[in-house]
Amino acid sequence: MTAKTGKNYWLMKSEPDVFSIEDLAKAPKKTTHWDGVRNYQARNFMRDSMKIGDMVFFYHSNADPSGIAGVAEVVKEGYPDFSAFDPKDVHFDEKSDSKNPTWMMVDIKHVETFKNLLPLEELRKSSALKDMVLLQKGSRLSVQPVTAEQWQAVLKLAKSKLA
DNA sequence: GCCAACGTTGGC
DNA sequence: GCCAACGTTGGC
């Protein structure tokens, strides 16, 4: 899906009750490792396609309201998700072998928090965004690609809300 | 809290 | 390899 040169764009979901964009902004070096993803498609994106410098929309799911909260960037490429090896971790996976890890993650760094969160409802109104993976019926992929056109359209929407 | 849609598991 | 049962996601 992303076998081209240049920057790629992504969207990553997090429940703000668990980890919000404010948490990311306050984290040491404004950076966190994106652990806990236990879905193969999302894993593949992090393992194979996300590159340093790629840009990420930080999406708040299960929130009031849900929507895009801001922007982050990839600062470390795919490496083993060590939370899978820790029996005390909620994301522990007994089937993941540390010598041949099943689950991978990346590190992302805070870039910007939108002044106003861009709610899902607004995104749905935009014809430029109708093909976004996020907006497809039944879509629940937690790490997903965003096209350059969609990226620009979202930024434009975010800016228009500043007034 | 409800529930539709999805991904995974496991019996056969 | 099918598919029912189950667990999870995530909007509302």
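Note that these values count all heavy atoms, side chains included, but never hydrogens, waters or copies made by symmetry. Since the structure is predicted, the reported quantities are computational estimates derived from the model, not experimental observations. We name chains A, B, ... by the order of the sequence lines, and we start the count at 1 in each one.
- Atom-to-atom, CG of A:D64 to P of C:dG10 comes out at 17 Å; the value is rounded to the nearest Å.
- Among the nucleotides B:dA5, C:dG10, B:dT8, the one closest to the side chain of A:S61 is C:dG10.
- Contact annotation: A:Y59 reaches the phosphate of C:dG11 (side-chain N/O to OP1 or OP2, under 4.0 Å).
- A sub-4.0 Å separation between OP1 or OP2 of C:dG11 and a side-chain N or O of A:S66 is present.
- Per the geometry, CG belonging to A:L11 stands 16 Å off P belonging to C:dT9, to the nearest Å.
- Nearest heavy-atom pair, A:A84 versus A:W103, reported as atom, atom and distance to 0.1 Å: CB-CD1, 4.0 Å.
- A donor and an acceptor atom never sit less than 3.5 Å apart when one is taken from the side chain of A:R38 and the other from the base of C:dT8.
- Atom pair A:K95:NZ and B:dG10:P shows a separation of 7 Å (rounding to whole Å applied).
- Taking atom CG of A:N62 as the reference point, atom P of C:dT8 lies 14 Å away to the nearest angstrom.
- For the pair A:D17 CG and C:dG11 P, the computed distance is 13 Å after rounding to whole Å.
- Salt-bridge annotation for A:D81 and A:R38: present, with a side-chain N of the basic residue lying under 4.0 Å from a carboxylate O of the acidic one.
- Between the C1' atom of B:dA5 and the CG atom of A:N39 lies a distance of 14 Å, rounded to the nearest Å.
- Residue A:I68 contributes atom CD1, which lies 12 Å from atom P of C:dG11 at whole-angstrom precision.
- Panel note: side chain A:N8, backbone A:D54; no donor-acceptor pair is recorded below 3.5 Å.
- Atom CZ in A:R140 sits roughly 16 Å away from atom C1' in C:dC12 (whole-Å rounding).
- The backbone N or O of A:L120 sits nowhere less than 3.5 Å from a side-chain atom of A:S66 that would complete a donor-acceptor pair.
- Of the side-chain N and O atoms in A:K13, none sit less than 4.0 angstrom from OP1 or OP2 of C:dT9.
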